[in-house]
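Have a look at the structure below before the remarks.
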Protein chains: 2
Amino acid sequence: MQKGTYTYDYPRPMVATDCVIFGFDGTKMQVLLVKRGEEPYKDSWVLPGGFLRMEESAEESARMMLREKTGLRETYIEQFHTFSAPERDVRGRVISIAYYALVRKQEVRQGANVSEVGWFPLDGLPELVFDHKDILDMALAKLRERIMFQPVGFDLLPEKFTMRALQSLYEAILGVEFDRRNFSKKILHVGLLTDLNESARSTPKRMAKLYKFNAESYGRLKEKGFRLEF
Amino acid sequence: MQKGTYTYDYPRPMVATDCVIFGFDGTKMQVLLVKRGEEPYKDSWVLPGGFLRMEESAEESARMMLREKTGLRETYIEQFHTFSAPERDVRGRVISIAYYALVRKQEVRQGANVSEVGWFPLDGLPELVFDHKDILDMALAKLRERIMFQPVGFDLLPEKFTMRALQSLYEAILGVEFDRRNFSKKILHVGLLTDLNESARSTPKRMAKLYKFNAESYGRLKEKGFRLEF
DNA sequence: TAATTTTGTGTAAACTTCACACAAAAAATG
DNA sequence: CATTTTTTGTGTGAAGTTTACACAAAATTA
């Protein structure tokens, strides 16, 4: 996309994509933010995003951006809303197609010539400019909606993990607490996990069993839905 | 929005909204389509839609359009996806922010100076141009996803209706059949309906009880979710 | 060796789902 | 007018799920 002169009979808005990148550190959900390198709002934290190029779809744009910021390909991303209030951006009329992404924090390596980025826990976010707080809030609401009825975790946890880690993830996203015994029973009952018959110390106390997701049943439950309610 | 000359440093796509308007005739789900009045694809059926004006949000645009086509205000609409493939529209780069609406067919009166519109059952759709078949399919998929976990019907059924009508609506959307006795028991058990202690003949046989939605519990179940599974 | 923390597993009561059946209301048939 | 047909309202028991709660074993710390 080159700077030049483009003339139209009717006014047109700018179109951008923004991405809420979620990661999990074992305890809390975190979000990746970038520091703006230019005006307006230079040095403020914002969601990573950028303008849509004429030859790419919104999803391609979001994936490209994700790769720049995290080095990851093949990430799970989901378009969740398009923000279009006329006054949402001080630079003029900008429509933003918003995605959320779920990534394994431990696989993220900061891209090369990339502006300053940082992970922030949901309860320790810096002030966000534009309407990015609204975007983040809606992303979290949609993720919560999803986790209530579909399995989530495949994209956020390492390949092998303990039951405790999965429970912590659910608790972090939903902001509730489950009974350890009932959680484990339900998850095992629906067949979401495969027992690896290995152990690892997740805490400095008794070692815990390791599990991985059962891809077949993960997919089936994602199709059919399963309700987690305690 | 006036025709004139608008010049920008970078190219910009056009932005439109399209709306999948669902209605229910007591047996089948139907969709409102309009016949194009101009080229390209003159006289083909398409989803109602239009270009976004610079001073309105996408939702305002969709509501405006809905009012033109159906005469309805205060309709339930939901943004469900933005379509952005570069080649989706032969007129150039057009991004479409898509909504679905749920309306009571019997309250729809065709707007005045409005192009030809028609209701079509899902299994008897005409050929749709652009990518409107994809848009319609995704709308239906999202509606199905929603009905699995949240009550639907408030916006599609008349104020008073029989249990059979509600069951038919669920069956029409999901394309499955429920056991009449278990369906009724579950719906009454979750407290979704208020018994009006009136009867009406919905078929030429025994008269059936009339119900209305209990707004309080409808809202609560929409918040909290309830799973319909048989 | 004892104390502490965390893990694995079990049980019973309450509730929900599911499969199925019978009687009553209204209209149609002869 | 009695019989048949279709549709509605309601009920019951077995199977399965959720919920609340308890105890013993593994690993580390003191």
Side-chain angles (χ1 to χ4, degrees), chain A residues 26-27 147-151 157-158 160-172 174 176-212 217 220-221 224-230, chain B residues 26-27 147-151 157-158 160-172 174 176-212 217 220-221 224-230:
Chain A
T27 307
I147 202 181
M148 296 264 278
F149 305 112
Q150 289 193 345
L157 291 171
K160 302 172 176 189
F161 51 87
T162 62
M163 185 64 79
R164 189 82 196 122
L166 182 63
Q167 183 177 340
S168 296
L169 173 62
Y170 270 76
E171 292 178 339
L174 290 172
V176 300
E177 296 208 342
F178 297 121
D179 180 279
R180 185 173 62 85
R181 297 158 290 187
N182 292 337
F183 181 88
S184 157
K185 221 180 313 168
K186 169 118 189 190
I187 294 290
L188 293 176
H189 179 70
V190 298
L192 190 59
L193 302 184
T194 301
D195 188 336
L196 289 168
N197 295 307
E198 292 176 60
S199 296
R201 86 195 59 255
S202 51
T203 61
K205 306 291 159 153
R206 178 173 174 178
M207 297 167 87
K209 277 191 184 177
L210 287 174
Y211 295 90
K212 65 177 176 130
S217 89
R220 184 174 44 74
L221 290 169
K224 170 181 165 298
F226 91 108
R227 173 94 194 248
L228 199 62
E229 53 193 337
F230 291 98
Chain B
T27 308
I147 201 180
M148 297 263 278
F149 305 113
Q150 288 192 345
L157 290 172
K160 301 173 176 187
F161 51 87
T162 61
M163 185 64 79
R164 190 84 194 114
L166 183 63
Q167 183 177 340
S168 295
L169 173 62
Y170 270 77
E171 291 178 340
L174 290 171
V176 299
E177 297 208 340
F178 297 121
D179 181 280
R180 185 173 61 88
R181 298 158 289 187
N182 292 337
F183 182 87
S184 156
K185 222 179 313 167
K186 169 117 188 191
I187 294 289
L188 292 176
H189 179 71
V190 297
L192 190 58
L193 302 185
T194 301
D195 189 337
L196 289 168
N197 294 308
E198 292 177 58
S199 295
R201 84 196 62 253
S202 50
T203 61
K205 306 291 158 151
R206 178 174 175 178
M207 297 168 87
K209 277 190 184 178
L210 288 174
Y211 294 91
K212 66 178 175 122
S217 91
R220 183 174 45 74
L221 290 170
K224 168 181 167 297
F226 93 108
R227 173 92 195 249
L228 199 61
E229 54 193 335
F230 290 98

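Hydrogens, waters and symmetry mates play no part in the numbers below; they use all other heavy atoms, side chains included. The sequence lines fix the lettering, A, B, ..., with proteins before strands; numbering per chain opens at 1.
Taking atom CZ of B/Arg227 as the reference point, atom C1' of C/dC18 lies 15 Å away to the nearest angstrom. Spacing between atom CG of B/Asn197 and atom P of D/dG9 amounts to 12 Å, rounded to whole angstrom units. In this structure, the CZ atom of A/Phe226 is 20 Å from the P atom of C/dT16, given to the nearest Å. Counting to the nearest Å, the P atom of C/dT7 and the CG atom of A/Asp195 are 15 Å from each other. As a whole-Å value, the separation of A/Lys186 NZ from D/dA20 C1' is 16 Å. Distance CG (A/Leu188) to P (D/dT18): 13 Å, rounded to an integer number of Å. Taking atom CG on B/Asn182 and atom P on D/dG16, their separation rounds to 16 Å, with Å as the unit. One atom, NE2 of A/His189, and another, C1' of D/dA15, lie 12 Å apart when rounded to the nearest Å.
Taking only distance into account, the side chain of A/Arg181 meets the base of D/dA22 through a donor-acceptor pair shorter than 3.5 Å.
Taking the side chain of A/Asp179 as heavy atoms from C-beta on, and the options C/dT16, C/dG8, D/dC21, the nearest nucleotide is D/dC21. Of the candidates C/dT9, D/dT19, C/dA21, the closest approach to any side-chain atom of B/Arg180 belongs to C/dA21.
Classified by interplanar angle (parallel below 30°, tilted 30° to 60°, perpendicular above 60°), the ring pair A/Phe183/A/Tyr170 is perpendicular.
Looking at heavy-atom distances under 4.0 Å, B/Lys185 makes contact with a base.
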Go along nucleotides 24-30 of chain C 5' to 3' and tag each nucleotide: B for a protein heavy atom under 4.0 Å from its base, S when only backbone or sugar atoms are that close, - otherwise.
-> BBSS---

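Considering only heavy atoms from C-beta on, B/Tyr211 comes within 4.5 Å of B/Leu188 through its side chain.
No donor-acceptor pair closer than 3.5 Å links the side chain of A/Ser217 to the backbone N or O of A/Arg220. With hydrogens and angles ignored, the 3.5 Å screen pairs a side-chain donor or acceptor of B/Ser168 with a backbone N or O of B/Arg164. Using a distance-only test at 3.5 Å, with no hydrogens or angles considered, no donor-acceptor pair links the side chain of B/Ser199 to the main chain of B/Met207. At distances below 3.5 Å, not a single donor-acceptor pair connects side-chain atoms of A/Gln167 with backbone N or O atoms of A/Ser184.
For D/dT10, one of the phosphate oxygens OP1 or OP2 lies less than 4.0 angstrom from a side-chain nitrogen or oxygen of B/Lys209.
Separation of atoms CG (A/Leu193) and NZ (A/Lys209) is listed at 11.0 Å; rounding is to 0.5 Å.
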